[in-house]
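By convention in this document, chain letters (A, B, ...) are assigned in the order of the sequence lines, proteins followed by strands, and residues within each chain are numbered from 1.
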Amino acid sequence: MIVVPVSSSPPAIDVRDLTKSFGDVEAVRGVSFTVTPGEVFGFLGPNGAGKSTTINMLCTLVTPTTGSAYVAGYDVTRQRDDVRRHIGLVFQDPTLDGYLTAEQNLRLHAELYGIDRAAIPARMRQMLEMVDLWERRDAPVLTFSGGMRRRLEIARGLMHSPRVLFLDEPTIGLDPQTRSSIWRYIRALQQTEETTIFMTTHYMDEAEFCDRIAIMDRGEIVVLDTPEALKAAVGADRVMIRTTDDEGALVGLAERFEIEATVAEGAVTFFVPSGEAFVPRLFAELGVPITAVNVSRPTLDDVFMNYTGSTIRDAEASSATERNRITMRVMTGGRR
Amino acid sequence: MSAAADVIRVRVPARTWRSEARAIKIVWRRELTRFVNDRMRIVTSLVQPLLFLFVLGSGLQRLSSAGTHGVNLKTFIFPGILCIAVMFTAMFSAASIVWDREFGFLREMMVAPVRRSSIVIGKCLGGATVASFQGVIVLCLAGAVNVPYDPLLILGIFGLQLLLAFTITAFGIMVAARIKQMQSFMGVMQMIVMPMFFLSGALYPVSGLPSWLAVLNRIDPLTYAVDPMRRIVFSHLHVSAAARQALDPGVTWWGWRLPAVLEAGVVLALGLVMLAIAIWEFSTSE
Ligand SMILES: Nc1ncnc2c1ncn2[C@@H]1O[C@H](COP(=O)(O)OP(=O)(O)O)[C@@H](O)[C@H]1O
Ligand SMILES: [Mg+2]
């Protein structure tokens with residue numbers, strides 16, 4: 001199911017076998033995908049999956065090790081300036097000048113991008129109104145909350161009418177309410193501006209705002225499809241049970257129901273076609289006392305788990321230990 | 001939410017020399033805006049030279065009145081104090097590029113469709129302008145230390161301190177391309193700026209020095225900013241030939257006294273070389 005009309009215009013983003021290594025860390029290991037103009041395309045994956053590195057290659061800040069990438073029809077290694085003229089960026093970490101006002105930040109951006117002076121005031125007003133910051137235009141950015149700053153960054157990223165807007169973890173560090181309001185802005189802006197949006201997130205629930213999602217893990221795209229198709233592919237409900245004896249429960253599930261379960265986040269988790277109907281049988285036949293049970297429809301969390309074998313939080317924890325190990329090696333090994 | 005029809009669309013033109021000039025100008029303007037918004041920085045920039053000139057000057061005067069041939073010591077060290085005030089401010093101006101990196105703003109500038117050189121030049125001119133504002137404040141105090149407000153004197157000193165501000169800012173930006181932590185940056189700058197100050201002859205005449213000091217003094221770029229300023233000041237004073245000989249001997253290379261224009265040229269050339277290195281460093285970094 002493709003939501004976006006398939007047009008004859010060239011893809012907004014076209015990536016082939018892109019890789020990037022930092023020394024012996026392979027951050028991105030050969031990703032390929034295309035993004036249609038007007039689409040909202042999401043990269044979903046745990047911290048350290050290589051999402052930011054991919055974005056940085058697409059916006060010409062990092063040179064790819066191998067492979068090719070075209071953004072708005074331009075080569076990211078050979079036509080850097082042309083790429084830069086046609087993209088907007090909202091980085092993972094904030095990049096506003098706190099000592100300047102909201103308006104001064106936007107004006108500076110407009111001047112750097114060489115926008116026609118006569119058009120700047122009206123465009124600036126439109127952008128600030130769209131993110132509800134027009135009233136605060138003369139306040140220094142230092143006085144803004146995290147959500148307001150993000151909105152201002154989004155307005156700034158769109159200031160020069162880019163064809164593709166890149167958003168790297170646009171909602172990271174914000175509270176859930178602010179996160180969903182940021183999403184409302186992004187979707188509304190995408191519609192009025194007719195911009196292609198490429199975004200990354202590690203919040204599973206946010207990926208559902210996208211037209212298509214690529215799930216990334218350890219530098220590779222594991223699967224790429226619409227959120228609905230991904231969930232349909234899991235095709236089962238998730239059952240999580242808490243027991244007094246997890247080992248026994250795993251054995252019991254395997255022997256009596258032929259179900260393969262895993263222990264994730266302290267709960268025995270498995271998938272069955274219709275969860276609610278299964279629960280009574282489970283209590284009757286498992287042979288291990290159950291203290292709590294939770295049945296849920298498939299979510300993107302389950303999709304991630306289905307394709308990678310771990311929850312996104314576990315994946316982050318293990319990649320953190322991986323990083324620590326590398327750091328340790330660097331510290332103890334090094335030049336000696 | 002307005003309909004798609006009345007969205008104002010703008011376009012980003014291909015790069016031209018005019019768009020580069022606009023980029024330089026806005027980066028320069030940002031430095032000024034930030035300076036003007038920062039009251040604390042303005043206050044310190046007013047207080048610091050007063051401290052140097054009147055406290056240090058008056059204190060030293062008590063020791064040295066015999067050796068200055070009747071010339072007020074504050075008058076003598078005036079050019080040196082002006083230089084050090086400009087230098088410190090230029091150093092802090094250059095540090096702003098380290099802050100920009102730390103607070104992420106550098107990235108906003110680095111991904112813009114303009115040359116890196118435009119950004120570095122804008123930064124450098126902005127820092128130099130702010131630093132020379134400091135020089136102007138010291139220049140305003142000239143009368144208080146018996147330096148006459150002569151238009152030629154003011155113009156000459158103003159030009160020289162502008163040159164110095166530019167060179168030190170370029171130097172700081174060159175260092176900032178490599179040193180990314182604020183603390184290390186300040187440490188390195190201090191380690192270089194303080195000896196530069198003490199070796200330059202800002203506080204003493206540069207003739208008859210022990211030979212090791214004379215050599216270091218001639219290597220120190222600041223020497224070539226202080227000396228022409230002092231020459232301008234002394235050319236506007238009514239002092240005895242002996243005093244002139246003792247206090248304003250001029251910088252010599254193997255006995256040859258350098259003309260002021262050449263000294264200014266040395267400062268300018270150094271600044272341009274360091275600016276070129278800074279541009280190269282920022283252009284090759286990802
Ligand atoms: N500049 C760099 N130098 C060395 N390693 C890097 C650099 N940038 C990213 N990495 C490594 O590449 C991997 C992917 O990082 P990143 O793209 O930031 O992941 P994500 O954005 O998905 O969290 C991580 O292991 C990270 O440590
Ligand atoms: Mg990231």
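Looking at A:I87, there are no atoms closer than 4.5 Å to chain B (heavy atoms on both sides), in backbone or side chain. Contacts of A:M127 with chain B are absent, with no heavy-atom separation under 4.5 Å from either backbone or side chain. Proximity to chain B is absent for every atom of A:D82, based on heavy atoms less than 4.5 angstrom apart. Both the backbone and the side chain of A:L108 come within contact range of chain B, judged by heavy atoms closer than 4.5 Å. Proximity to chain B is absent for every atom of A:D93, based on heavy atoms less than 4.5 angstrom apart. Using a 4.5 Å cut-off between heavy atoms, A:Q104 touches chain B through its side chain atoms alone.
Annotation: ring-ring contact (aromatic ring centres under 6.0 Å, His included) contacts involving residues 93-136 of chain A, sequence neighbours excluded, comprise A:H109-A:Y113, A:H109-A:H160, A:Y113-A:H160.
For A:T196, the side chain to side chain contact (heavy atoms under 4.5 Å, CB included) criterion is met by A:A12, A:V35, A:P37, A:V164, not counting sequence neighbours. For A:E153, the side chain to side chain donor-acceptor pair (under 3.5 Å) partners at least two apart in sequence or on another chain are A:T95, A:R150.
Ionic pairing of A:E103 and A:R107 is not present here: no N-O contact between side-chain nitrogen and carboxylate oxygen is shorter than 4.0 angstrom. Between A:K51 and A:E169 there is a salt bridge, with a side-chain nitrogen of the basic residue lying less than 4.0 Å from a carboxylate oxygen of the acidic one.
A:F209 does not carry A:R187 over the face of its six-membered ring by the limits of under 6.0 Å from the centre and within 45° of the normal.
The candidate with the highest count of non-hydrogen atom pairs below 4.5 Å against chain B, out of A:D97, A:I115, A:D116, is A:D97. Here A:R117 is the residue among A:H86, A:R117, A:M159 with the most heavy-atom pairs under 4.5 Å with chain B. Between chain B and the options A:A122, A:G114, A:P140, heavy-atom pairs under 4.5 Å are most frequent for A:G114. If you tally non-hydrogen atom pairs under 4.5 Å between each of B:S19, B:S118, B:G122, B:P13 and chain A, the highest count goes to B:P13.
A donor-acceptor pair is defined here as one N or O able to donate and one able to accept, closer than 3.5 Å; no such pair exists between the side chain of A:S21 and the backbone of A:G23.
Taking a 6.0 Å sphere around CD of B:E102, one finds it holds more than 12 heavy atoms contributed by other residues, nucleotides or ligands.
For the residue pair A:S52 / A:D168, a side-chain donor-acceptor distance below 3.5 Å is found, with atom types taken as modelled. Side chains of A:T66 and A:T19: a donor-acceptor N/O pair is present below 3.5 angstrom, by distance only.
A:D132 has its side chain within reach of A:Y185: a pair of non-hydrogen atoms, C-beta onward, lies under 4.5 Å apart.
Using non-hydrogen atoms only and a strict 4.5 Å limit, the part of residues 21-32 of chain B facing chain A consists of B:R22, B:A23, B:I26, B:V27, B:R30.
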